[in-house]
Protein chains: 2
Amino acid sequence: MQTFTEENYLKTIYKLSEDAESVTTNQLAAVLHTKAASVTDMLKKLSEKKLIDYIPYYGVTLTETGKRIAVDVVRRHRLWEYFLVEKLNFKWDEVHEMAEELEHISSVELVDRLDQFMGHPAYDPHGDPIPDKHGRIKQHEFKPISQLSVDECGVISGVREHSPAFLQYLEKLNLMLGNQIRVIEVLVYDQSVVLTVNQSENKISISKEAAKNILVTS
Amino acid sequence: MQTFTEENYLKTIYKLSEDAESVTTNQLAAVLHTKAASVTDMLKKLSEKKLIDYIPYYGVTLTETGKRIAVDVVRRHRLWEYFLVEKLNFKWDEVHEMAEELEHISSVELVDRLDQFMGHPAYDPHGDPIPDKHGRIKQHEFKPISQLSVDECGVISGVREHSPAFLQYLEKLNLMLGNQIRVIEVLVYDQSVVLTVNQSENKISISKEAAKNILVTS
DNA sequence: TAAATTATTTAGATTAGTCTAAAACTTAAG
DNA sequence: CTTAAGTTTTAGACTAATCTAAATAATTTA
Ligand SMILES: [Mn+2]
Ligand SMILES: [Mn+2]
Ligand SMILES: [Mn+2]
Ligand SMILES: [Mn+2]
């Protein structure tokens, strides 16, 4: 059994591991809004419990056990987000903080029933895959809009940035999950992208940064 | 903002206050599965925060602020229990422990939406009233079966004991909420009660203790 | 009403998680 | 290869919640 805090560390190590081989103390301190010294203490503890492999000064990776726990936390987080949006009608920019609390509710049976109640959803409101009860994850082949060429189309299927501000911005531009976009032009000087949504004539322009953070499938 | 632990103390003081004017240190220690010394420490802290009126050696009562917080915790507990039974199809003896965790999820908006999603239920799966968002509580005029005379009828509307064992026992005898019972006989030597359920010819017998813990309305 | 019993509080420790400041280590530059 | 800069760990302290044992207050009993 893990504490609330241990689960948050494991989840964060898991997410940071997607970008890099191993995760550093400072990275964790930044994401978890804590100090490097506190992180070191926790890493020792998680290492004692065999949930991570920790080499002082060199970083940390999850053990199989640690990874399984992390994936379960992610599963709960995403299932609750789906619930909040689909059943309680919250908007996609409103659910993250609530899910940060709900993900630590421990009952396995509760999560399974919730999953069943909602018909075993495969993706959360931000397009992130929901691991199944065995920890298996279905991986999309996502591509950021920034990698599309002119005239290429794609269906918006995920986001790389989850801040309410960014999500609200997307909503305002009608860049919501499931909508089809077509790249009209990529400006040379700043790589901003001009595109249309759902065959509309209305052209919208988004920055290179935004284009990197919107994921499409073809 | 209160911690998980503070909320549990306030809720317990609130519940124990229904039976007695003021609540003692040992009562709290027993219900919260902790030691009297720990209770004293927490009472000092809650008193500092003006959530309780605490007279050392003489006991404790809730302030208006403390009571409001306690009622909100109770509201969340009962709403989640209702959700678990009505939406996720748990049985009434399975939901208490999960609700003990869920009741501490802090979002007010979440609870209000949940309430709305379920159509503002008035009673939880055990017949206990669910306070509304303003802290108002609709009070039944309940009566234990032990107070009925021979031939009197009543509709089962609540229970005074919430242990899974007791709830499962009631289920086995078909003594569920909403069912009508009629008292056939009260045995003189041990005050056990013989009764019928929903006009059935089948007579069942329950102990005096059980009869005290089943509440009916007429 | 004095003694015995019971209830409650105080004293002093412990554990989880956190912090600041200082020391130790790694890496990058010159 | 040595120094400077940046990163990480260690040392020591703090808070919240808990505990055991001892002291004290309240209540019951004789
Ligand atoms: Mn989220
Ligand atoms: Mn999400
Ligand atoms: Mn309950
Ligand atoms: Mn209940």
Side-chain angles (χ1 to χ4, degrees), chain A residues 1-14 16-17 19-62 66 69-70 73 100-101 103-106, chain B residues 1-14 16-17 19-62 66 69-70 73 100-101 103-106:
Chain A
M1 196 72 295
Q2 294 70 230
T3 64
F4 189 103
T5 309
E6 286 170 350
E7 286 190 343
N8 281 337
Y9 271 84
L10 293 173
K11 182 185 64 167
T12 306
I13 294 166
Y14 174 75
L16 291 173
S17 297
D19 300 331
E21 185 56 36
S22 97
V23 176
T24 69
T25 302
N26 266 359
Q27 280 181 297
L28 285 167
V31 176
L32 293 164
H33 303 106
T34 183
K35 297 296 148 80
S38 309
V39 173
T40 300
D41 286 344
M42 182 58 78
L43 294 184
K44 283 183 197 160
K45 190 175 156 201
L46 293 173
S47 187
E48 288 276 310
K49 291 192 170 192
K50 311 248 187 240
L51 300 176
I52 60 173
D53 291 315
Y54 170 48
I55 304 171
Y57 293 105
Y58 284 92
V60 68
T61 57
L62 292 174
I69 294 165
V73 177
E100 284 292 307
E101 293 186 51
E103 71 188 8
H104 302 292
I105 302 292
S106 60
Chain B
M1 196 71 296
Q2 293 70 231
T3 65
F4 189 103
T5 309
E6 287 170 351
E7 285 190 343
N8 281 336
Y9 271 85
L10 293 173
K11 181 184 65 168
T12 306
I13 295 166
Y14 174 75
L16 291 172
S17 296
D19 300 329
E21 185 55 35
S22 97
V23 176
T24 69
T25 302
N26 267 358
Q27 279 181 296
L28 285 167
V31 175
L32 293 165
H33 304 106
T34 183
K35 297 297 148 77
S38 309
V39 173
T40 300
D41 285 345
M42 182 57 79
L43 294 184
K44 283 183 195 160
K45 189 175 156 200
L46 293 173
S47 186
E48 289 275 310
K49 291 191 169 192
K50 311 247 187 242
L51 300 175
I52 60 173
D53 291 316
Y54 170 48
I55 305 171
Y57 293 104
Y58 284 92
V60 67
T61 56
L62 293 174
I69 294 166
V73 177
E100 284 292 306
E101 293 186 51
E103 72 188 8
H104 302 291
I105 303 291
S106 60

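By convention in this document, chain letters (A, B, ...) are assigned in the order of the sequence lines, proteins followed by strands, and residues within each chain are numbered from 1.
- Looking at heavy atoms from C-beta onward, B/Glu103 lies in side-chain contact with B/Asn8 at the 4.5 angstrom threshold.
- When every heavy atom of B/Ile105 is checked against every heavy atom of A/Glu101, the shortest pair comes out as CA-OE1, 3.5 Å.
- For the pair A/Ile55 CD1 and C/dT26 C1', the computed distance is 14 Å after rounding to whole Å.
- Dashed line: the shortest gap from a side-chain N or O of A/Thr25 to OP1 or OP2 of D/dT9 is under 4.0 Å.
- Not one side-chain nitrogen or oxygen of B/Tyr57 sits closer than 4.0 Å to the OP1 or OP2 atom of D/dT24.
- Here A/Ser38 lies in heavy-atom contact (under 4.0 Å) with a base.
- Shown here for A/Thr24 and A/Gln27, the closest heavy-atom pair between the two residues is N-OE1, 2.8 Å.
- Of all heavy-atom pairs between A/Asn26 and A/Ala36, the closest is OD1-CB, 3.7 Å.
- Heavy-atom nearest nucleotides on DNA chain C were determined for A/Asp41 and for B/Lys44, and the one closer to the 5' end corresponds to B/Lys44.
- OP1 or OP2 of C/dC19 sits under 4.0 Å from a side-chain N or O of A/Thr34.
- D/dT9 atom C1' lies 16 Å from atom CE of A/Met42, rounded to whole Å.
- One atom, CG of B/Leu43, and another, P of C/dT10, lie 11 Å apart when rounded to the nearest Å.
- Note on B/Lys35: a side-chain N or O is less than 4.0 Å away from OP1 or OP2 of D/dT20.
- Using a 4.0 Å heavy-atom distance criterion, A/Tyr54 is classed as a sugar-phosphate-only contact.
- Proximity note for B/Ala37 (side chain, C-beta onward) versus C/dT10, C/dT27, C/dT18: the nearest is C/dT10.
- A straight line from CG of A/Leu28 to P of C/dT18 spans 12 Å, rounded to a whole angstrom.
- D/dT15 atom P lies 13 Å from atom CD of B/Glu48, rounded to whole Å.
- The listed nucleotides are C/dT18, D/dA16, C/dT10; the one nearest the side chain of B/Thr40 is C/dT10.
- The phosphate of D/dT8 has OP1 or OP2 within less than 4.0 Å of a side-chain N or O from A/Asn26.
- With A/Leu43 as reference, A/Ile52 is the one residue of A/Leu51, A/Val23, A/Ile52 to meet the side chain to side chain contact (heavy atoms under 4.5 Å, CB included) rule.
- Spacing between atom CD of B/Gln27 and atom C1' of C/dT6 amounts to 15 Å, rounded to whole angstrom units.
- Here C/dA16 presents its P atom at 17 Å from CG of A/Asn8, a figure rounded to the nearest Å.
- Straight-line distance from the OH atom of B/Tyr58 to the C1' atom of C/dA7: 11 Å, rounded to whole Å.
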